[in-house]
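As structure tokens, the structure follows; a few thoughts come after it.
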Number of protein chains: 2
Amino acid sequence: MATRKLDSIDARILSHLQRNAKLTNLELAELVNLSPSPCLARVKALERDGVISRYTALVNPASLGLNVNVFIRVRLEKQSREILASFEHAIGLREEVLDCYLMSGEADYLLRVVVPDVASLEKLTIDHLSRIPGVANIQSSFALKEVKIHSPLPVR
Amino acid sequence: MATRKLDSIDARILSHLQRNAKLTNLELAELVNLSPSPCLARVKALERDGVISRYTALVNPASLGLNVNVFIRVRLEKQSREILASFEHAIGLREEVLDCYLMSGEADYLLRVVVPDVASLEKLTIDHLSRIPGVANIQSSFALKEVKIHSPLPVR
DNA sequence: AATGAAAGACTTCCTTC
DNA sequence: GAAGGAAGTCTTTCATT
């Protein structure tokens, strides 16, 4: 990923679009003190260069009945390439797993999972996660409250 | 948060808009087999009812030089209302903290932090986090790899 | 690189079914 | 609720500076 040079106008564009991707190009141009066409050209360049990876609608999980937000730490028996690859593949298939990171330290994975209720979590853990080859240990922690969420990346 | 009744068309709308919020209303209408006006009316209703909370541009942290992604667990000495409130307020002021959850168990907080380098993480931990009143313990774990990230909520 | 103007496309509202 | 049509606005491109 080439680190593109971003000037202060690009930074302001990114800051605004993270907060509100529905800004029209006219509004955005005004916010960053540019006329519409150079503003659009910059946005397109940021998209083309992968600085902006995509645009998404943030959906409230509770409105879908997804009331349980859990972080799950998974430890593997060993970290062979095959075990890691098969674990990551299995995780890719599970829609409840919204985020998954390979972590330093005990070479764990950290998952963030959203499910309707605790029963669904149990089912996920017992029927699916624990059956993935090489999984040694699974620990769940519940998020009780979202203090801060989807905060925009600091763009300076 | 009133759990609005979502039919299968709403579900399809949400599914598409999570994947690509830049779909035009015309494209979206076609995808969900509706004509543009009822499609727009549904999207507006989903926004009004808070099912869609906002639209955001996802920005690649590496392109901003933000190469270190860390999860930080914070344990407090005690969980008095004042301590919790002041901690949450302090976290709200720190732009490097993208997400923060109050967790079950040892009544910890779990933070996700993005910074340019390890030095910045040390500075954040020592100069800021550890100085917040009531903070007893801070543990950092580095994300080595993003296996899955910003996956859309499963909408059924 | 930025500006300004023009063509085409999209959004949005209103009426009808 | 959904469809169709009309008006206004925005996007996008291009010639100009």
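Since this is a predicted model, take the numbers as computed values, not measurements.
A salt bridge links A:E95 with B:R156: the distance from a Lys NZ or Arg NE/NH1/NH2 to an Asp or Glu carboxylate oxygen falls below 4.0 Å. The pair B:R42-B:D7 meets the salt-bridge criterion, with a side-chain N (NZ, NE, NH1 or NH2) lying under 4.0 Å from an Asp/Glu carboxylate O.
Nearest heavy-atom pair, B:K145 versus A:E88, reported as atom, atom and distance to 0.1 Å: NZ-OE1, 2.6 Å.
Between A:V114 and A:V68 there is no side-chain heavy-atom pair separated by less than 4.5 Å.
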Side-chain donor-acceptor contacts of residues 69-81 of chain B below 3.5 Å, not counting sequence neighbours, with atom names and distances?
from, atom 1, to, atom 2, distance (Å)
B:N69, OD1, B:R112, NH1, 3.4
B:R73, NH2, B:Q139, OE1, 3.2
B:S80, OG, B:I83, N, 3.2

Which nucleotides of nucleotides 1-17 of chain C have their base under 4.0 Å from a protein heavy atom (B), which only their sugar-phosphate (S), and which neither (-), written as one string 5' to 3'?
-> -SBB-----SBBB----
